[in-house]
Amino acid sequence: MKNPTFGLVIHGGAGVILRENMPPALEAEYRAKLGEALAAGYAILDRGGPALDAVVAAIRVMEDSPLFNAGKGAVLNAEGVCELDASIMDGRTLAAGAVAGLHHIRNPITLARDVMEKSGHVLMIGDGAETYAKKLGYALEPAEYFITEVRRQQLEQARRIEAGGKPSAALLRERIGSGNPGDEYRVNEFKYGTVGCVALDRAGNLAAGTSTGGLTNKRYGRVGDSAVIGAGTYASNATCALSATGQGEYFIREVVGHDVAAQMAYRNASLADAAADTIRRIGELGGSGGVIALDRHGNVAMPFNTPGMYRGVHLSTGQPVIEFYGPDAPQ
Ligand code: ASP
């Protein structure tokens with residue numbers, strides 16, 4: 001069979017995403033938005049545009065949607081505000097840019113790209129990153145722009161559980177997804193809505209990007225893997241492009257993005273084998289989540305150790321495909 005000459009893969013977070021708990025109307029909303037993100041990236045690649053542009057375009061669609069934990073609709077931290085992280089990497093040059101702890105930037109992925117291309121640095125955080133954005137002419141959004149009612153309820157839920165209380169069954173069923181309200185759990189074990197994209201362009205270049213609000217009820221300047229090059233995001237034309245979602249602490253400790261690439265480079269592992277091995281080790285460490293990954297031959301891997309992961313693929317050899325659930329999910 002012919003290899004794809006270009007294409008992209010996106011994710012909208014992993015977690016307890018179960019068919020039996022997904023209201024059809026919500027499923028349709030996710031499907032439509034993931035389809036829009038895929039189409040935005042694919043159109044750029046189709047007309048010969050660079051993988052980096054496709055990554056930014058796809059991620060911006062999801063940042064602007066309240067459905068995902070990135071940009072508008074990001075989860076709330078312990079202070080009740082959104083604190084956003086993002087990163088991007090160019091597989092052609094290994095150039096990279098990242099931002100963390102943003103409160104006012106509508107599209108953190110675009111600022112990450114500006115950090116990569118214009119600042120001379122790789123990672124900028126907090127007020128300094130926002131000052132830099134202002135200098136570049138970004139409009140700063142008020143904190144309220146990002147906050148949604150669902151995220152307020154999730155924060156309340158997280159606080160209640162932390163104080164030793166029980167989760168509200170209604171909220172669980174409605175948006176987070178588990179069945180049994182008696183289960184021991186923390187809100188963040190249920191769904192990570194981080195968004196990411198990996199792309200291969202017609203010139204054979206790979207790129208990857210990730211954007212997130214991190215984890216509900218996170219504290220005091222916590223930064224996750226999504227802002228860490230080599231952990232949540234990695235791209236090298238020599239190996240693969242990768243974007244992760246899950247409990248960022250584990251993904252940083254396993255240096256997930258670079259770990260997959262290194263297995264391909266050093267032990268000649270296939271993309272699928274390397275990505276599956278890394279996610280297996282995340283599980284052994286006690287972490288959960290998944291990755292999307294693409295190599296320059298158009299091979300795709302999307303392993304996750306949660307019940308589901310919002311994901312979509314559109315390669316030049318086929319039609320767009322959007323999936324939510326794991327291989328063991330009931331049909
Ligand atoms: N990986 C993100 C973080 O830890 C969370 C997510 O995937 O939703 O910040």
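All ligand and atom numbering here is 1-based and tracks the order in the structure. In this text, all values refer to a predicted model and were calculated from it rather than measured experimentally.
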Test your reading of the structure: does [X] have an N or O sitting under 3.5 Å from an N or O of ligand 1?
X: G246; value: yes
X: T245; value: yes
X: T194; value: yes

With a 4.0 Å cut-off, would you call R253 and D259 a salt bridge? no
Hey, looking at atom 3 (C) of ligand 1, which of T212, D225, T216 has the closest heavy atom? D225
Enumerate the atoms of ligand 1 whose separation from the nearest heavy atom of [X] is less than 4.0 angstrom.
X: S226; answer: 1 (N), 2 (C)
X: G224; answer: 9 (O)
X: N69; answer: 8 (O)

Using side-chain heavy atoms (C-beta onward) and a distance below 4.5 Å, is V313 in contact with M302? yes
Sub-4.0 Å heavy-atom approach of [X] to ligand 1:
X: R222; result: yes
X: G193; result: yes
X: G232; result: no

For S65, which residues count as a side chain to side chain donor-acceptor pair (under 3.5 Å) partner, sequence neighbours excluded? none
Please enumerate all residues that pass side chain to side chain donor-acceptor pair (under 3.5 Å) together with K33, with sequence neighbours excluded. E36
With side chain to side chain donor-acceptor pair (under 3.5 Å) as the test, pick out the partner of T210 among S226, S243, S87. S243
Do you know which of D90, T93, N205 makes side chain to side chain donor-acceptor pair (under 3.5 Å) with N237? N205
Taking the six-membered ring of F324, is NZ or CZ of R19 closer than 6.0 Å to its centre and within 45° of its axis? no
